[in-house]
There are 2 protein chains.
Amino acid sequence: MVKQRDTKPSAKTAFVTHDHEGCAAGTLHRAQEAAREKGVRMTPVRQRALEILLEEHRAMGAYEVLDRLAADGFGNQPPVAYRALEFLVENGLAHRVRRLNAFAACMRPGEDHAPVFLICRACGEVAEAGADEVRSALLDAAARHNFTVERATVEALGLCPRCVDGAEVVA
Amino acid sequence: MVKQRDTKPSAKTAFVTHDHEGCAAGTLHRAQEAAREKGVRMTPVRQRALEILLEEHRAMGAYEVLDRLAADGFGNQPPVAYRALEFLVENGLAHRVRRLNAFAACMRPGEDHAPVFLICRACGEVAEAGADEVRSALLDAAARHNFTVERATVEALGLCPRCVDGAEVVA
DNA sequence: AGAGAAAATGTGATAAGGTAACATTGCTGT
DNA sequence: ACAGCAATGTTACCTTATCACATTTTCTCT
Ligand SMILES: [Zn+2]
Ligand SMILES: [Zn+2]
Ligand SMILES: [Zn+2]
Ligand SMILES: [Zn+2]
């Protein structure tokens, strides 16, 4: 059979225990590469911000990132974090998760993909799912209203496979 | 004039010039009916909040709604608006538009639908598009990750048919 | 009708998220 | 070296959202 190369990390890492050290390092490397190819500058704050986002598969608020950056000797005012995060988002190295008012590292930097997020309400993990079908269905729906889509937000809130067993016992 | 009984308002009103007076009145009526059937109380503040949202096909911030409510003699503190809006959202009479941090009246109250929003970045109009295909595609994508979807946010930002001609001349 | 419980509202305070504006630093090219 | 521009530091401020608690209204049951 055709052996899958390391081109689809998200499919392998979403809600599955894995070597996250390597996962993060690899993604960071790919992000750096993507930035270089794109001709944008990966400065220290920006890189550090991305590293922070990559530590876990969850979304972090700007102020949470800011605290971490400040602790590392960078500025401690909101624009420091917002600017770094804005840079990462604009260059496809991170995503904004609107449901959480937070940011998450992109797991497929440079791939020009349409992100769909799966957000576990129990453990807070966020996975990026490939979903071209969702996009095309959305474009179809928009087309029926003669609407021109420029950017789309698709986010699902629910329970990941690890949390689905035993999460609703609370109620 | 009892003409529209089993119509699909959203499909007819989205980005199309129409009798909005009747559109709003009809939707309000259907919302009241839905609330009654559901056994929840449509109090004065709640109804007024919905009326305010129904005035235009766009999303309004909570504070904007609050100002209007205060002007009508209701309380002028944030919880007044947030509570009314929360009620409307929880009972399917309004939706939260996350991309705008705002709220929009639901155009098909009581219909138990999965809302997909088309947001025009030029005129600010917001349309609710029916998109079962988008939902099922999203559920499929989630299923591939063994993720259980509970709630989903699908929002598209772009240009409505009325704004698409002549909007980008600015740049 | 009247007591008690539950739901809804009023209000003050504060947390959390986000931006504008301007000074300063540092890189880039000539 | 020096002009020009990108990036950063910093101050101040704005918007959005929630908490906590007192008061009123409405519901429920006797
Ligand atoms: Zn990982
Ligand atoms: Zn989980
Ligand atoms: Zn209308
Ligand atoms: Zn428009």
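In what follows, chains are A, B, ... by sequence order, proteins preceding strands, each numbered from 1.
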B/His20 NE2: over 12 foreign heavy atoms closer than 6.0 Å: yes

Side chain of A/Arg41 (C-beta onward), nearest among C/dC27, C/dG10, D/dT10: C/dC27

Nearest-Å distance for atom pair OH/P, residues A/Tyr82 and C/dA21: 18 Å

Parallel, tilted or perpendicular: rings of A/Phe15 and B/Phe147 (30°, 60°): parallel

Sugar-phosphate, base or nothing in reach of A/Arg98, heavy atoms under 4.0 Å: nothing

Short N-O contact, B/Glu150 and A/Arg99, less than 4.0 angstrom: no

OP1 or OP2 of D/dA6 under 4.0 Å from side-chain N/O of A/Thr43: no

Presence of B/Asn101 side-chain N/O under 4.0 Å of C/dG17 phosphate oxygens OP1/OP2: no

Nearest-nucleotide comparison on DNA chain C, the residue closer to the 5′ end among B/Tyr63 and B/Phe74: B/Phe74

Residue whose nearest DNA chain C nucleotide is more 5′ - A/Gln77 or B/Gln77: B/Gln77

Over 12 foreign heavy atoms within 6.0 Å of CG, A/Asp19: yes

B/Leu69 CG - C/dT9 P separation (whole Å): 11 Å

Check: A/Arg83 side chain, C/dG18 base, donor-acceptor under 3.5 Å: no

Sugar-phosphate only, base, or nothing, as touched by A/Val45 at under 4.0 Å among non-hydrogen atoms: sugar-phosphate

Any A/Arg96 side-chain nitrogen or oxygen under 4.0 Å from OP1 or OP2 of C/dG18: yes

Side-chain N or O of A/Arg46 closer than 4.0 Å to phosphate OP1/OP2 of D/dT8: yes

Atom-pair distance (CD on B/Glu86; C1' on D/dT18), nearest Å: 10 Å

